[in-house]
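Here is the structure we will look at, set down as structure tokens.
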Amino acid sequence: MKLVHYQLSNSQKRIGLVENQFIYDLKDLFTLWSKRYDKPLLPVFSFEDFFRTTSYSNFQTLQEVFEFKSDVQPFEWNEVKILPPISTTSKILAVGRNYATHARELGNVAPSEPFYFTKLISSVIAHLETIYLPPDSQRVDHEGELAVIIGKKLNRHSTQEEVMNAIYGYTIVNDVTARDLQKSFSEKGLPWTRAKNYDTFCPLGPVIITADAFQPNNKTIRVTVNEIEKQKGNTQNFIFDIPILLSFISKHITFEVGDVLLTGTPEGVSPLSDGDVVSVEIEGIGTLTNFVKAAQ
Ligand code: ZN
């Protein structure tokens, strides 16, 4: 199943199930399902609340409600505003240098254990929104990545099996980076927080594909700028795979439901300029497209 967070003009935020170019509203589907099976109505609207309400969001129930799709009037993809899949999550953690080829292109060695940094929720924007280039950076790069959405709490006591079952789904992210600032801060031994977290530096979406419908181990990631290919990689070249990353990080930091993990970018990062259109495409999920403008 593919899920999308969206809005009709002047209406509240909604969640939909996606098939082809159509969006089937979850509230409408669950209304029919509730009547048929005599269950309470779907009580939530945000994705994070939806994940926490596992009696509704489990994969089997989603399959069940989708059987009512022929009784629901779907929306076309282009008649709604797409929202970021995640908006109130507690944290976004991002793994650095998880493809040896990308580590090399920036003159770094492949790490012997995963390392990670934070992206802030204030930097998140949706599909088709605009990335603003800050005036105090001369080089802002795209970094196309696979993102993991956490569906169950994980901490240092979690077993390997709990780690494997904690993934709700996957989406696409562009880990936009002020490369010159990242480099100069690193050289001074300072943290990268600013270089990674300007407003609009975390395009996310457009859909979440549920974990039962996506195998993350051998997927092509492509980034194009103005339709010219810049990055091309495959998740089979991860230095640390997703279960290792979740297991390692949850030894230090508790993952909450709705948290997001960015899994690192392949080689080919390149600078963005005013007027560009940047797209990150992941096989089996879709394409995340954003416009680029100089901030005023
Ligand atoms: Zn990155």
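Counting convention: from 1, in listed order, for ligands and their atoms alike.
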Lys/Arg-Asp/Glu bridge criterion (N-O < 4.0 Å) met for R97, E105 = no
Would you call Y56 and V65 a side-chain contact if the rule is heavy atoms closer than 4.5 Å?
-> no
In D175, which N, O or S atom comes closest to the Zn ion (ligand 1)?
-> OD2
Should the ring pair H252 and Y116 be called parallel, tilted or perpendicular, given that the plane angle runs from 0 to 90° and is split at 30 and 60?
-> parallel
Establish, yes or no, whether a centroid distance under 6.0 Å links the rings of F238 and Y99.
-> yes
Which atom of E143 is nearest the Zn ion (ligand 1), counting N, O or S only? It is OE1
Would you mind naming the N, O or S atom of E145 nearest to the Zn ion (ligand 1)?
-> OE2
